[in-house]
Peer 1: 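Got a structure for you, written out below as structure tokens; questions coming shortly.
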There are 2 protein chains.
Amino acid sequence: MKKSNLTINDIAKALNVSKSTISRALRDAHDVNPETKRKVMAFAERHDYRPDSQAKGLRSRSTKTIGVIIPAYNIPFYSIAICGIQDYAMKMGYNVIICHSNEQYETEIKNVEALLNANVEGIIISVARDTAKNEHIRKLRRKGIPLVLFNRVIEDFKAPKVVVNDYYGALNMVNYLIKTGCRKIAHISGPANLLLSNNRKAGYLDALAQADIPEDDNLMIEGDFTIESGMTCMQKLLEKNREIDGIFAVCDAVAFGAMKALKNHGIKIPDTISVAGFTNEPMAALVEPSLTTVKQPIYEIGETASKLLFAQLEDPELPAELCVLETTIEVRESTRKLNSSATDSMG
Amino acid sequence: MKKSNLTINDIAKALNVSKSTISRALRDAHDVNPETKRKVMAFAERHDYRPDSQAKGLRSRSTKTIGVIIPAYNIPFYSIAICGIQDYAMKMGYNVIICHSNEQYETEIKNVEALLNANVEGIIISVARDTAKNEHIRKLRRKGIPLVLFNRVIEDFKAPKVVVNDYYGALNMVNYLIKTGCRKIAHISGPANLLLSNNRKAGYLDALAQADIPEDDNLMIEGDFTIESGMTCMQKLLEKNREIDGIFAVCDAVAFGAMKALKNHGIKIPDTISVAGFTNEPMAALVEPSLTTVKQPIYEIGETASKLLFAQLEDPELPAELCVLETTIEVRESTRKLNSSATDSMG
DNA sequence: AAAACTTACGGGAACGTTCCCGAAAAAAGA
DNA sequence: TCTTTTTTCGGGAACGTTCCCGTAAGTTTT
């Protein structure tokens with residue numbers, strides 16, 4: 001499609017001054033007669049003049065655009081995080097191009113290419129479920145494109161990262177389950193290539209260890225982040241083990257799936273089995289029973305990622321910072337009530 | 001931030017040919033020696049040359065960018081619809097800039113300005129809850145910017161629109177409720193300034209009329225599209241009326257809120273009161289009991305909106321088309337079972 | 001062997017900005 | 001009155017592309 005907008009030259013001709021003067025007047029420069037400035041402004045206002053962003057960008061050698069890659073749109077976490085990213089970027093006068101990898105490594109590579117072709121000035125990325133390699137991200141590094149990883153980050157890679165304290169969040173949550181009387185706590189973990197999965201699992205294991213509960217391989221199973229995965233994993237856990245009294249899921253979606261499976265088996269939540277999740281998606285408050293979960297500051301995660309990116313844009317030499325946000329435990333109905341005689345101190 | 005990429009001139013100097021030849025070679029033009037073409041391609045590949053999108057755009061007078069305005073990110077409907085919009089746009093080689101109005105008319109106006117400043121070639125918009133005026137949209141029209149409305153459209157405005165058959169969806173759903181034995185069916189409607197709300201309400205009213213059930217103002221209440229609104233509206237309905245045996249909500253979120261309120265009152269769903277929603281968000285299958293709802297082809301709505309926009313980009317003279325997608329009824333657990341002796345034909 | 005045509009390439013303008021530099025006019029100082 | 005300074009403005013290059021046009025060779029036709 002052709003655009004045919006009013007240009008600075010048109011205004012110059014109409015007002016019988018040079019384009020330089022128009023340019024200066026519009027940017028409210030000092031060395032232009034107040035009277036002509038007024039005239040130019042008025043004319044531009046009346047005709048709704050808008051500078052061509054591409055011409056401006058070409059001249060200033062900046063695109064004022066950043067890119068974001070997320071695994072999927074329909075994960076509520078990312079909807080909210082994107083909001084945080086974008087609000088801050090807009091405030092900085094930047095546009096945001098969002099891509100989704102559809103949880104596929106191959107698509108993620110294509111996303112990176114698409115963003116490079118759009119000449120974005122920086123990229124914020126949360127990797128796909130099956131992304132183990134990082135060659136595509138290293139490429140960005142080599143090209144000097146500022147980069148921020150968030151939530152699902154890749155290990156042993158030097159770049160600013162925004163995560164939550166996955167380990168302590170999990171530790172605290174499992175501690176809480178233990179305090180409510182759970183002893184046979186199962187864990188449905190996430191893909192092992194993601195740091196997040198391992199940290200949450202480590203928190204789970206350490207909580208057990210601290211309570212002198214032996215770990216049991218039969219109580220651990222690896223899923224991905226989907227509801228379906230939660231259902232099938234729960235199913236398998238129940239087949240292998242009949243004494244489970246608690247579930248700690250790597251994320252809320254998996255917890256929802258686990259709850260669904262438990263309901264199908266006619267198992268009461270939390271009377272027979274407590275269920276806990278991680279993230280605190282909006283849905284968590286709505287399911288029945290409502291889900292006890294580790295609450296992440298989702299919007300702030302996005303906002304922080306955005307801030308780190310812009311900090312890098314201003315100073316490319318900035319050392320890579322690891323930003324760890326705090327979580328809290330949101331107690332709802334899917335876990336047993338805390339026995340009031342038990343200890344009531346918890347982080 | 002400054003960008004310092006490889007340009008066509010750099011390649012020209014390195015290979016000792018003119019930039020014209022480089023340009024031609026890269027675009028695989030016919031009038032360039034296969035040998036030099038090979039050399040240029042190889043060089044570009046090796047150094048990961050990417051044409052400057054702004055220079056190209058300035059020259060070709062196109063930004064290859066479209067804009068989307070949605071009310072909010074955290075409405076699952078829009079997450080999915082955006083996916084449909086974007087997938088198609090990407091396929092067409094376009095980038096997408098997404099803005100959210102935060103359900104505020106004022107912000108929506110700012111969004112339009114932001115997109116105009118980004119020189120988007122077209123805009124897809126779903127208006128905010130309280131958007132009654134359309135001056136900002138008319139402005140786009142005046143400027144000749146292709147436009148498509150979807151889901152929440154504004155009445156008496158000539159532009160391509162993508163909606164579902166709200167009237168028939170509602171009619172069929174309320175018909176179904178009646179067939180399952182409901183007689184006192186309440187309706188929590190949406191904001192009256194939106195066509196969608198009125199059409200769904202009309203469907204509700206006509207279904208009642210067709211079954212010779214008198215309409216009752218006490219059974220109708222206006223909410224917005226939020227869970228909270230669903231809760232408070234349900235609360236009010238219960239205070240005014242004790243014989244309700246069915247609820248038809250304008251959307252799933254409102255239905256979720258209504259269910260929450262009913263549970264708080266200890267009212268059994270669907271034994272005492274059936275609840276039906278509209279949209280079929282992913283959540284609908286997860287809540288307890290799972291929600292019977294009118295199923296919209298959400299991804300396709302977005303995809304269709306995108307298609308209509310690109311059709312307009314290709315031919316600006318194209319007449320404004322109203323695209324109405326079909327809905328189906330997704331029966332789940334929140335409504336009473338259909339009496340097997342009753343008629344089993346329904347649309 | 002001259003004419004016509006093809007192949008392959010270079011020069012330069014253009015897209016709409018910004019910005020540097022210089023210059024005319026007006027104001028101030030001598 | 002002549003110089004110096006300030007105010008105000010215009011000219012033109014530059015950003016990285018594309019594309020039109022011209023032209024030098026090489027190839028075919030007469």
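All chains are named by letter (A, B, ...) in the order of the sequence lines, taking the proteins before the strands, and each is independently numbered beginning at 1.
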Peer 1: Can you see whether A:Asn119 engages A:Thr63 through a side-chain donor-acceptor pair at a distance of less than 3.5 angstrom?
Peer 2: no
Peer 1: Kindly give the atom pairs (protein nitrogen or oxygen, nucleotide nitrogen or oxygen) under 3.5 Å for nucleotides 4-6 of chain C.
Peer 2:
none

Peer 1: It should be established whether B:Thr21 places a side-chain nitrogen or oxygen under 4.0 Å from OP1 or OP2 of nucleotide C:dC9.
Peer 2: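 No, no such contact exists.
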Peer 1: To the nearest Å, give me how far apart CZ (B:Arg50) and C1' (D:dC15) are.
Peer 2: 20 Å
Peer 1: Are OP1 or OP2 of C:dG16 and a side-chain N or O of B:Arg61 less than 4.0 angstrom apart?
Peer 2: yes
Peer 1: For a quick check under 3.5 Å, do A:Asn111 and A:His100 share a side-chain donor-acceptor pair by atom type?
Peer 2: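 The criterion, which ignores hydrogens and geometry beyond distance, is not satisfied for A:His100 and A:Asn111.
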Peer 1: Distance-only check: which donor-acceptor pairs under 3.5 Å involve side-chain atoms of residues 66-78 of chain A, not counting sequence neighbours?
Peer 2:
from    : atom 1 : to       : atom 2 : distance (Å)
A:Tyr73 : OH     : B:Gln86  : OE1    : 2.8
A:Tyr78 : OH     : A:Ser126 : OG     : 2.8
A:Tyr78 : OH     : A:Asn151 : ND2    : 3.1

Peer 1: Does B:Pro51 offer a backbone N or O that forms a donor-acceptor pair with the side chain of A:Asn117 under 3.5 Å?
Peer 2: no
Peer 1: Could you write nucleotides 18-24 of chain C as a row of B, S and -, 5' to 3', where a protein heavy atom under 4.0 Å of any base atom gives B, of only sugar-phosphate atoms gives S, and otherwise -?
Peer 2: BBB----
Peer 1: So, the side chain of B:Asp87 versus the backbone of B:Glu303: is there a donor-acceptor pair under 3.5 Å, distance only?
Peer 2: no
Peer 1: Please determine whether a side-chain nitrogen or oxygen atom of B:Thr7 lies at a distance below 4.0 Å from atom OP1 or OP2 of D:dG16.
Peer 2: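 No.
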Peer 1: As a test of reading the structure: which of D:dT17, D:dT8, C:dG10 is closest to the side chain of B:Asp52, going by heavy atoms?
Peer 2: D:dT17
Peer 1: Quick one about B:Thr107 and B:Ser101 (side-chain donor to acceptor, distance below 3.5 Å, no hydrogens or angles considered), yes or no?
Peer 2: no
Peer 1: Measure the distance from CG on A:Asn117 to P on D:dT17 and round it to the nearest whole Å.
Peer 2: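 Taking CG of A:Asn117 and P of D:dT17, I get 12 Å after rounding.
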Peer 1: Using atom NE2 of B:His30 as one end and atom P of C:dT7 as the other, report the distance to the nearest whole Å.
Peer 2: 8 Å
Peer 1: Quickly work out the B:Lys64 NZ to C:dC15 P distance and round it to whole Å.
Peer 2: 20 Å
Peer 1: So, A:Arg24 versus A:Ser20: side-chain donor-acceptor pair below 3.5 Å or not?
Peer 2: no
Peer 1: Rounded to whole Å, please give me the gap between CG in B:Asn9 and P in D:dT17.
Peer 2: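 One finds 8 Å between P of D:dT17 and CG of B:Asn9, rounded.
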Peer 1: Would you say the side-chain atoms of A:Lys19 pair up with the backbone N or O of A:Asp10, donor to acceptor, closer than 3.5 Å?
Peer 2: no
Peer 1: Rounded to whole angstroms, how far apart are CG on A:Asp10 and P on C:dG16?
Peer 2: 8 Å
Peer 1: Between A:Phe43 and A:Tyr49, is the ring centre distance below 6.0 Å?
Peer 2: no
Peer 1: B:Asn5 has an atom CG; how far is it from atom P of D:dC15, in whole Å?
Peer 2: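 In whole Å, D:dC15 P lies 14 Å from B:Asn5 CG.
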Peer 1: In whole angstrom, what separates A:Asp28's CG from D:dT8's P?
Peer 2: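 Going from A:Asp28 (CG) to D:dT8 (P), I get 13 Å.
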